[in-house]
Amino acid sequence: MELLSTNVCFDGEHRRYRHHSVTLDCDMEFAVFLPPGAVGQNPINAPVLYWLSGLTCTDQNFMQKAGAMKHAAKLGLAIVCPDTSPRGLNLPGEDDSYDFGTGAGFYINATEQPWAPHYRMYDYVVKELPQLVEDQLPVTDQRSVSGHSMGGHGALIAALKNPGRYVSVSAFAPIANPSECPWGQKAFTGYLGGDTKAWEQWDATLLIPTARERLPLLVDQGTADEFLDSQLNPDALAEVCETFHHRINLRMHRGYDHSYFFIASFIDDHLDHHAQALGLC
């Protein structure tokens with residue numbers, strides 16, 4: 001890993017790294033926050049919250065806007081933020097729109113050309129990046145996962161598809177039923193093809209009925225979110241959770257939108273949710 005930058009923050013350390021991803025066959029950048037106990041001469045390995053960001057974001061959005069590091073430092077929780085897609089591959093159409101291609105990897109494994117060799121963000125965030133981080137940084141293999149919008153979708157499917165890999169999961173304004181919204185349909189058609197049956201393994205609402213592990217879901221959603229009715233559909237997720245007795249705490253927040261102002265307002269609740277599951281409080 002190539003260290004790109006480092007900043008002392010709340011007696012911990014924020015770092016940015018670059019590495020070559022075998023899974024994606026390109027160079028990738030990611031950010032890490034290490035709490036105070038995990039830095040210095042005798043670091044103590046910290047459990048990790050993996051944060052998956054939304055459309056158009058990079059590894060830097062959460063670290064700079066969410067206001068999470070002060071409370072994470074207090075809890076002794078590390079945070080890892082990957083990028084949202086491969087970049088700079090010069091694939092045809094990768095930069096034509098904000099909701100497909102660059103910045104819009106959707107945390108799935110593409111099967112359609114020309115995306116399949118590179119757009120495998122699911123394998124990257126679930127397998128390759130955690131192995132790299134756990135091998136080379138002072139962190140444990142105790143993992144939690146969370147995210148926003150497209151990243152909320154990514155967090156939910158990562159947890160639902162991998163029983164035992166994460167101890168907790170949460171999401172802010174997730175794309176909860178991507179098979180039934182324009183963002184998801186565009187991405188799934190492009191990356192996976194037109195067979196909607198192949199989409200089911202990448203849709204949290206459709207994964208709930210057969211989930212082999214039922215971690216409680218903490219989901220926050222703003223009522224003034226401009227994408228609530230057209231793209232996010234948390235009601236579908238809540239309904240299937242009720243049907244299959246999968247615990248969900250869907251919190252609707254009056255007046256909040258889709259921005260990082262919303263995330264910053266409730267991020268401490270999510271950090272506490274994960275810290276409790278990780279045995280930090």
Side-chain angles (χ1 to χ4, degrees), residues 1-66 68-69 72-73 76-91 94-95 101-110 114-148 150-151 154-155 158 165 260:
M1 300 191 304
E2 176 190 357
L3 181 64
L4 300 177
S5 64
T6 179
N7 309 91
V8 175
C9 188
F10 298 110
D11 292 327
E13 193 172 350
H14 170 267
R15 301 176 184 174
R16 295 192 69 243
Y17 288 99
R18 179 186 294 123
H19 76 110
H20 182 78
S21 167
V22 174
T23 301
L24 308 179
D25 193 22
C26 66
D27 288 346
M28 293 292 287
E29 296 178 0
F30 67 95
V32 179
F33 172 71
L34 296 173
V39 297
Q41 292 185 342
N42 299 297
I44 300 172
N45 290 355
V48 182
L49 171 64
Y50 289 87
W51 174 268
L52 308 183
S53 295
L55 289 167
T56 76
C57 291
T58 70
D59 62 281
Q60 300 181 68
N61 294 74
F62 179 84
M63 291 299 195
Q64 294 179 7
K65 296 180 179 180
M69 287 183 277
L77 179 64
I79 303 173
V80 172
C81 296
D83 205 344
T84 52
S85 77
R87 294 183 186 267
L89 296 172
N90 297 316
L91 299 178
E94 71 177 353
D95 295 318
T102 301
F106 262 83
Y107 304 104
I108 64 177
N109 289 338
W115 314 101
H118 303 284
Y119 275 67
R120 303 182 60 82
M121 288 298 293
Y122 171 80
D123 278 354
Y124 177 71
V125 301
V126 171
K127 299 175 183 178
E128 184 181 14
L129 183 61
Q131 181 177 343
L132 178 71
V133 169
E134 290 162 18
D135 285 347
Q136 300 200 32
L137 294 175
V139 301
T140 73
D141 60 0
Q142 287 185 290
R143 312 174 195 94
S144 294
V145 64
S146 186
H148 171 233
M150 178 184 73
R165 187 158 185 82
Y260 266 83

Distance (rounded to the nearest 0.5 Å) between T102 OG1 and L89 CG: 7.5 Å

Residue L4 excluded, over 12 heavy atoms near CG under 6.0 Å: yes

Minimum heavy-atom distance S21-E128, with the two atoms named: OG-OE1, 2.6 Å

Qualifying residue for salt bridge (Lys or Arg N to Asp or Glu O under 4.0 Å) with D59, from R18, R16, R87, R15: R16

Close side-chain approach of I108 and Y119, heavy atoms under 4.5 Å: no

Atom pair CG (D27) and CD (E29), whose distance is rounded to the nearest 0.5 Å: 8.5 Å

Flag side-chain contact, heavy atom, 4.5 Å: V80 against F30: yes

Atom pair CH2 (W115) and OG (S85), whose distance is rounded to the nearest 0.5 Å: 9.5 Å

Stepwise side chain to side chain donor-acceptor pair (under 3.5 Å) check, T140 with N45: CA-CA 6 Å; T140 73; N45 290 355; over 6 Å; no

Separation between CG of N61 and CH2 of W51, rounded to the nearest 0.5 Å: 10.5 Å

Spacing of Y50 atom OH and S144 atom OG [to the nearest 0.5 Å]: 10.5 Å

Heavy-atom pair of closest approach, residues I79 and A72: CD1-CB, 3.8 Å

Criterion side chain to side chain contact (heavy atoms under 4.5 Å, CB included) on Y17 and V32, from CA distance to verdict: CA-CA 8 Å; Y17 288 99; V32 179; 4.3 Å; yes

Taking every non-hydrogen atom, the tightest pair across M63 and C81: CE-SG, 3.8 Å

Whether Q131 side chain and K127 backbone form a donor-acceptor pair below 3.5 Å: no

Close side-chain approach of M150 to S53, heavy-atom, < 4.5 Å: no

Donor-acceptor pair, side chain of T84 and main chain of C57, under 3.5 angstrom: yes

D11 CG to M69 CE distance, which is reported to the nearest 0.5 Å: 13.0 Å

Closest contact, heavy atoms only, P43 versus A38: CB-O, 3.3 Å

Any P82 side-chain heavy atom under 4.5 Å of L52 side chain: yes

Distance-minimising heavy-atom pair for L77 and L49: CD1-N, 3.9 Å

Non-neighbouring partners of K65 that pass salt bridge (charged side-chain N to carboxylate O under 4.0 Å, His left out), sequence neighbours left out: none

Stepwise side chain to side chain contact (heavy atoms under 4.5 Å, CB included) test for L34 and V139: CA-CA 8 Å; L34 296 173; V139 301; 4.1 Å; yes

Near-ring test F62/H148, centroid separation under 6.0 angstrom: no

Side chain to side chain, P36 and F10, heavy atoms closer than 4.5 Å: no

N/O donor-acceptor pair under 3.5 Å between D123 side chain and N109 backbone: no

For the student: nearest non-hydrogen atoms of P86 and M121, plus distance: CD-SD, 4.0 Å

